[in-house]
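The structure under discussion appears below in the form of structure tokens.
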Amino acid sequence: MAQGTRRASTALHAYVLAHNPPLDPVQRELIDRTRTELPDHARMQVAQEQGPLLAFLVRLIGARHVVEIGTFTGLSTLFMAQALPPDGTLLACDVSEEWTAYGRTAWQEAGVADRIDLRIAPALQTLRALPAEPHVDLAFIDADKPGYLGYWEELVPRIRPGGLIVADNVCYGGEVLDPASASTEGAAIHAFNERVRADTRVESVFLEIADGLTLARRREE
């Protein structure tokens, strides 16, 4: 990328953020703490512009039951929980007590901790223990990339008609363009993208937001 293009891109990103809903103090603090205290892992946090989008989608479909696969320090969890009604629930799946501890603090400060059920266990194990019938309004996948296909197959039957699955990092830094030479993670995301595109149970759109975002709507039965 040319230097001038890079500057324009940085300025445009700032413009995008400026025209999204402003962060509240808890959201801002969680972003800053993650970047300061976990600099080697902060890239795992959802892009700042994705938080308001996730909250918007929760409100748009009137979601009351959300499932999140991959919580990290809990920023996406925070946005979605804040968008839920007071009696809504968010099942957050992760394997790290250390990283999710940041989220626990933020959720408590934001007054939404009672809406969040954090399960520290392999996500497939948690998903397979859920009721098999369609009951989830929205699911967000942002965890280990080779696991995406397994999460998809467990989630789709549990999504109610009209409900959404949102998957992050579906561009995987452009590696999906050449899966034969991609990393294990990039090849896994390519396989996931192909599965979603071919799955007749859903209608989906692929968006170039941050590192790529897929929105898949469960078809009416």
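Heavy atoms only: backbone and side chains are in, while hydrogens, waters and symmetry mates are out.
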Would a distance-only check, ignoring hydrogens and angles, find a side-chain to backbone donor-acceptor pair under 3.5 Å from [X] to [Y]?
| X | Y | result |
| --- | --- | --- |
| Glu109 | Val26 | no |
| Glu49 | Ile209 | no |
| Ser183 | Gly186 | yes |
| Gln45 | Ala42 | no |
| Trp107 | Ala81 | no |

Hey, which of Trp99, Tyr102, Phe140 is the one that makes ring pair (Phe, Tyr, Trp, His ring centres under 6.0 Å) with Phe72? Trp99

Measure the spacing between [atom1] of [X] and [atom2] of [Y] and express it to the nearest 0.5 Å.
| X | Y | atom1 | atom2 | answer |
| --- | --- | --- | --- | --- |
| Leu53 | Met80 | CG | CE | 11.0 Å |
| Leu30 | Leu23 | CG | CG | 10.0 Å |
| Met44 | Thr73 | CE | OG1 | 8.5 Å |
| His65 | Asp137 | NE2 | CG | 8.0 Å |

With a 4.5 Å heavy-atom cut-off, do [X] and [Y] have their side chains touching?
| X | Y | value |
| --- | --- | --- |
| Pro157 | Arg201 | yes |
| Arg197 | Ser204 | no |
| Arg218 | Arg160 | no |
| Val112 | Leu90 | no |
| Arg195 | Glu153 | yes |

Could you walk me through whether Arg158 and Glu154 pass salt bridge (Lys or Arg N to Asp or Glu O under 4.0 Å), step by step? CA-CA 7 Å; Arg158 293 174 168 87; Glu154 293 298 330; 3.0 Å; yes

For the hydrophobic clusters of this structure (ILVMFWY residues joined by side-chain heavy atoms under 4.5 Å, transitively), does one cluster hold both Leu207 and Val16? no

Looking just at side-chain N and O atoms, do Ser76 and Gln50 make a donor-acceptor pair shorter than 3.5 Å? no

Test question: given the 4.5 Å side-chain rule for I, L, V, M, F, W and Y, name all other residues clustered with Val202, or answer none. Val67, Ile69, Leu91, Leu124, Leu127, Leu130, Val136, Ile141, Tyr148, Leu149, Tyr151, Trp152, Leu155, Val156, Ile159, Ile165, Val170, Tyr172, Val176, Ile189, Phe192, Val196, Phe206

